[in-house]
Participant: 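The structure that follows is given in the form of structure tokens.
Along the sequence shown, residues carry numbers from 1.
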Amino acid sequence: MGAVSSRDSNLHPDIRMLYSEHHSWLQNWLWHRVGCRSDAADLAQDTFMRMLRTTISVGPQNIHEPRAYLATIARRLMLNMYRRRSVEDAWLQALKQLPDQIAPSAEEQFLILEALQAIDSLLHGLPSTTRRVFMLSQLEGHTYAEIATMVGVTVRTVQRHVTKAMEQCMMLAMEEER
């Protein structure tokens with residue numbers, strides 16, 4: 001089996017039971033949504049790994065609706081997978097537009113894709129208004145006054161949103177350095 005095994009004696013009995021009783025159901029549920037057995041198997045394993053990390057504080061015995069709980073985690077992971085693939089597809093399309101002589105090496109392509117996916121994840125982790133303000137400022141080059149008018153907030157609020165987004169970027173950069 002994968003990362004979580006029902007034979008693993010180090011796991012809490014309730015977690016072993018959750019896994020053995022719901023893994024097949026979850027994998028089938030995912031397969032019907034993603035249409036690929038391999039993706040469904042990966043997502044099912046990721047779901048249980050995420051569940052393991054989060055239930056340590058909650059306690060597995062406090063999960064009253066395990067299938068609903070697992071499906072909620074799996075939906076989020078599925079959306080993340082599709083978002084990552086969308087970023088990757090956009091990157092591959094951009095690469096096709098580059099002349100061969102200036103195309104990055106395979107290693108550079110991988111590093112750029114990793115950075116793009118990290119940025120995408122960071123942006124989706126921001127509140128929607130903060131994300132919009134940050135993108136208007138950093139990607140579209142609007143002034144704070146223009147953004148304030150567009151969004152319907154004060155210039156000071158725009159500054160706060162940009163600062164919050166920049167702090168998140170700095171935290172991401174520091175994590176990358178470790």
Side-chain angles (χ1 to χ4, degrees), residues 26 29-36 38-40 42-58 68-178:
L26 179 63
W29 183 87
L30 285 161
W31 176 64
H32 288 292
R33 281 155 183 76
V34 298
C36 173
S38 177
D39 285 343
D42 289 346
L43 286 167
Q45 284 303 115
D46 291 347
T47 299
F48 276 97
M49 292 306 294
R50 177 81 47 96
M51 184 211 58
L52 280 171
R53 284 193 301 273
T54 58
T55 56
I56 290 170
S57 61
V58 174
Y69 183 71
L70 291 167
T72 298
I73 295 170
R75 273 189 206 94
R76 290 179 185 146
L77 291 171
M78 208 175 6
L79 290 173
N80 289 342
M81 178 188 74
Y82 286 132
R83 201 173 67 238
R84 277 192 319 273
R85 286 184 180 169
S86 174
V87 169
E88 185 174 0
D89 289 344
W91 170 235
L92 292 174
Q93 290 302 316
L95 278 176
K96 287 180 183 178
Q97 306 302 315
L98 293 176
D100 290 339
Q101 57 271 39
I102 64 168
S105 70
E107 181 181 355
E108 291 170 325
Q109 289 178 29
F110 176 78
L111 292 173
I112 292 168
L113 179 60
E114 267 191 340
L116 288 170
Q117 289 175 336
I119 292 166
D120 178 69
S121 181
L122 175 135
L123 289 173
H124 278 83
L126 294 173
S128 60
T129 304
T130 302
R131 180 175 51 246
R132 182 171 180 223
V133 165
F134 183 71
M135 292 177 79
L136 287 169
S137 169
Q138 300 301 307
L139 299 179
E140 296 184 24
H142 292 284
T143 67
Y144 287 3
E146 290 170 337
I147 297 168
T149 301
M150 294 166 75
V151 178
V153 297
T154 66
V155 171
R156 178 70 187 125
T157 299
V158 169
Q159 290 171 332
R160 275 188 242 129
H161 283 296
V162 171
T163 299
K164 182 177 185 176
M166 289 295 211
E167 287 170 351
Q168 290 295 321
C169 290
M170 292 301 293
M171 287 174 47
L172 176 66
M174 290 188 311
E175 286 175 17
E176 293 293 317
E177 287 179 5
R178 287 186 225 165

Participant: Can you confirm whether more than 12 heavy atoms, excluding those of E107, are under 6.0 Å from its CD atom?
Facilitator: no
Participant: How long is the gap from CG on L95 to CD1 on I112, to the nearest 0.5 Å?
Facilitator: 7.5 Å
Participant: Please report the shortest heavy-atom distance between Y144 and S137, naming the atom on each side.
Facilitator: CE1-OG, 3.8 Å
Participant: Grab the two heavy atoms, one from L126 and one from A165, that are nearest each other, plus how far apart they are.
Facilitator: CD1-CB, 3.9 Å
Participant: With rounding to the nearest 0.5 Å, note down the distance linking OG1 in T47 to CG in L30.
Facilitator: 5.5 Å
Participant: Which heavy atom in A40 sits nearest to a heavy atom in V34, and how many Å separate them?
Facilitator: N-CG2, 4.0 Å
Participant: What I'd like to find out is whether the side chain of L113 reaches to under 4.5 Å of the side chain of E88, using heavy atoms alone.
Facilitator: yes
Participant: So does F110 have more than 12 non-hydrogen atoms from other groups sitting under 6.0 Å from CZ?
Facilitator: no
Participant: Should N80 and S121 count as side-chain neighbours, where that means a heavy-atom distance under 4.5 Å?
Facilitator: no
Participant: Using 0.5 Å steps for rounding, measure from the CD atom of E140 to the CD atom of E146.
Facilitator: 10.5 Å
Participant: Measure the spacing between CZ of R76 and CG of L43 and express it to the nearest 0.5 Å.
Facilitator: 14.5 Å
Participant: With side-chain contact (heavy atoms from CB on, under 4.5 Å) as the test, pick out the partner of D39 among R33, R85, M78.
Facilitator: R85
Participant: To the closest 0.5 Å, what do you measure between OG1 (T149) and NE2 (H142)?
Facilitator: 11.0 Å
Participant: Do any N or O atoms from the side chain of T163 and from the backbone of Q159 form a donor-acceptor pair under 3.5 angstrom?
Facilitator: yes
Participant: Taking the side chain as every heavy atom from C-beta outward, state whether Q109 and W91 have any atom pair closer than 4.5 Å.
Facilitator: yes
Participant: Tell me whether R160 at atom CZ has more than 12 heavy atoms from other residues, nucleotides or ligands lying less than 6.0 Å away.
Facilitator: yes
Participant: Where do F48 and I73 land on the side chain to side chain contact (heavy atoms under 4.5 Å, CB included) test, with the steps shown first?
Facilitator: CA-CA 9 Å; F48 276 97; I73 295 170; over 6 Å; no
Participant: Do the non-hydrogen side-chain atoms of I147 and H161 ever get within less than 4.5 Å of each other?
Facilitator: no
Participant: CG of L123 to CE of M135: how many Å apart, nearest 0.5 Å?
Facilitator: 6.0 Å
Participant: Applying side chain to side chain contact (heavy atoms under 4.5 Å, CB included) to F134 and K164, what does each step give before you reach the verdict?
Facilitator: CA-CA 9 Å; F134 183 71; K164 182 177 185 176; over 6 Å; no
Participant: Taking all atoms of both residues into account, what is the closest heavy-atom pair of L98 and A103, and its distance?
Facilitator: CD1-CA, 4.3 Å
Participant: Indicate yes or no: at least one non-hydrogen side-chain atom of M49 is less than 4.5 angstrom from one of L52.
Facilitator: yes
Participant: Treating S86 as the side-chain partner and Y82 as the backbone partner, does any N or O pair qualify as donor plus acceptor under 3.5 Å?
Facilitator: no
Participant: Do the non-hydrogen side-chain atoms of E167 and M170 ever get within less than 4.5 Å of each other?
Facilitator: no
Participant: Within a strict 4.5 Å, meaning less than it, do heavy atoms of the V158 and V151 side chains meet?
Facilitator: no
